There are 2 protein chains.
Amino acid sequence: MTGQLQAALAVSTVIFTLRPDPASDLSTLWLPLVRRTREPHLGQWALPGGDLPADEELAAAAARTLRETTGLTPKYLEQLYTFGDPGRSPGGRVVSVVYWALVETGEAALAVVDENVQWFPADRLPPLAFDHNRIVEYALWRLRTKVEYSRIAHAFLGETFTLAQLRDVHEAVLQKALDPANFRRTIESSGTVVDTGQRVAGVPHRPPRLYRYNDSVNATDLGPFGPAIG
Amino acid sequence: MTGQLQAALAVSTVIFTLRPDPASDLSTLWLPLVRRTREPHLGQWALPGGDLPADEELAAAAARTLRETTGLTPKYLEQLYTFGDPGRSPGGRVVSVVYWALVETGEAALAVVDENVQWFPADRLPPLAFDHNRIVEYALWRLRTKVEYSRIAHAFLGETFTLAQLRDVHEAVLQKALDPANFRRTIESSGTVVDTGQRVAGVPHRPPRLYRYNDSVNATDLGPFGPAIG
DNA sequence: TCAGTAAAAGTCAATCTGACTCTAACTGGT
DNA sequence: ACCAGTTAGAGTCAGATTGACTTTTACTGA
């Protein structure tokens, strides 16, 4: 018998990963959605999330609900926006604190996929429950207009990566091709990555170097709390 | 008898304006604080705000509470962050959706000032109630790292303004001196302002032109809803 | 051993930026 | 009436940055 005079508090998460689009064969952004198992919007696709427990931190609740519904652990998790329009949910008012997360491509492949959890390309989504289409659009905008891509790009990749892989991430996020030589020059002079000395073996061409992310630089906007996850 | 199993929802606002610092005589950022009239933190300075009414939009609640406590109407209002750490408030848990606002210098001068409402320079604040010091710090960071200053700078100024006034705003926000000639060049080529044809008369030197903000360009991040106030 | 391909380095011109100089236009004091 | 002081606003120049492009290096597979 919780009083419904106050708005209910919920936490949702927009999760992005990078995978090849079967249509274009280029890397594009994908996100997992879960099917609603109760009213309102029963049966419709929606962002993973849930009610906020009385004594759980907001970011922790976001991480937990997304782990429970999709089995994913994000490398990057940041608060996106709080949606509180009265009337955005049929029934009682719900204020949703929405987070956005990035997961590695490898990690994403291990995620739960079944009748009720599926991945969709971010630019070809079905009609979602509530105002979730608008939320995803805003998350995409934030991802693409982030000034600081280095940490974002890193969150999509594993511990080590080639510059071609890194460029691929940037191209997918920015939605345009980048000159390999100029990209190399920019990244190298930025100091955000470090040469590991290793090379990839067995490729049918000149073997690329492996790089590692340089932790000692840059701080993205992770909110007022500094580095959270990642 | 509202159930306290759920967290309480509140809305607060960090309000900035620009005014000369009596110490340095340069323009700096100031913000109004209100004295707490009840526990917890009775008597301490805090951000204006209040509980979220059951059916009021978040931004509307921010605008209303700040009008009621300070008498101010902001030219710019944007969601900042939602703070929900359990334990950030003694007593029951409070989740605060915090907005940040900018008001014109002229408007700010008309604001209520009394025993319980006072203006402080943003970089010399007293110890505030709750986690409000940290919130202000974050708001300052967001203000200073905004890529898009044009709209922000405009929010501090009146309808028309000189380039010197505009430069003064930029200097106060960025906390460094800017070359007048280079500033002029940058602004003119950006197209964010339009020459009104008018000039300021009666100044003891060469009379500067008056400019007007060009509405037809740029959209700051005002959240997923596009232009709200201003 | 050669053809194909991608990595990685290098070149060059256009643009942008910061520091600086120079001229224009006004007022207030003598 | 005019000069001193001051700010507006235009112009110059060198160094850094960026995009487009070329060249060389290093591998595999036929």
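In what follows, chains are A, B, ... by sequence order, proteins preceding strands, each numbered from 1. Note that the coordinates shown come from a computational prediction; the quantities given were computed from them, not determined experimentally.
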Item checked: Arg167(A) CZ to dA8(C) P, straight-line distance once rounded to whole Å -> 11 Å
Next item on the list: Give the rounded distance in Å between these two atoms: CG of Asn182(A) and P of dA8(C).
Entry: 15 Å
Checklist line | Rounded distance in Å - CG (Leu178(B)) to C1' (dA8(D)) | finding: 16 Å
Notebook entry, point to check: Do the rings of Tyr213(B) and His154(B) sit parallel, tilted or perpendicular, given the 30° and 60° boundaries?
Noted result: parallel
Notebook entry, point to check: dA8(D) phosphate, OP1 or OP2: any side-chain N/O from Arg184(B) under 4.0 angstrom?
Noted result: no
Notebook entry, point to check: Expressed in angstrom and rounded to an integer, what is the separation of Asp179(B) atom CG from dA8(D) atom P?
Noted result: 12 Å
Margin query: Using the ring centroid of each side chain, check whether Tyr81(A) and Tyr138(A) are separated by less than 6.0 Å.
Written below: yes
Next item on the list: Using a 4.0 Å cut-off on protein heavy atoms (strictly under), produce a 5'-to-3' string for nucleotides 23-30 of chain C with B for base contact, S for backbone-only sugar-phosphate contact, and - for none.
Entry: -BBBS---
Checklist line | Carboxylate-amine/guanidinium proximity below 4.0 Å for Arg124(A) and Asp21(A) | finding: yes
Next item on the list: Please lay out, stage by stage, how Val97(B) and Thr82(B) fare under the test side chain to side chain contact (heavy atoms under 4.5 Å, CB included).
Entry: CA-CA 4 Å; Val97(B) 182; Thr82(B) 298; 3.9 Å; yes
Item checked: Salt-bridge present (Lys176(B), Glu171(B); N to O < 4.0 Å) -> no
Item checked: Contact check, side chains of Val113(A) and Trp119(A), non-hydrogen atoms, under 4.5 Å -> yes
Margin query: Within the 4.0 Å heavy-atom criterion, would you say Ala164(A) contacts the bases, only the backbone, or no part of the nucleic acid?
Written below: sugar-phosphate
Next item on the list: Grab the CZ-P distance between Phe183(A) and dA7(C) for me, whole Å please.
Entry: 12 Å
Notebook entry, point to check: Rounded to the Å, how far apart are Leu163(B) CG and dA10(D) P?
Noted result: 9 Å
Next item on the list: Would you kindly give the CZ-to-C1' distance between Arg185(B) and dG18(C), to the nearest whole Å?
Entry: 8 Å
Notebook entry, point to check: Within this structure, what is the CD-to-C1' distance between Gln165(A) and dA8(C), rounded to whole angstrom?
Noted result: 16 Å
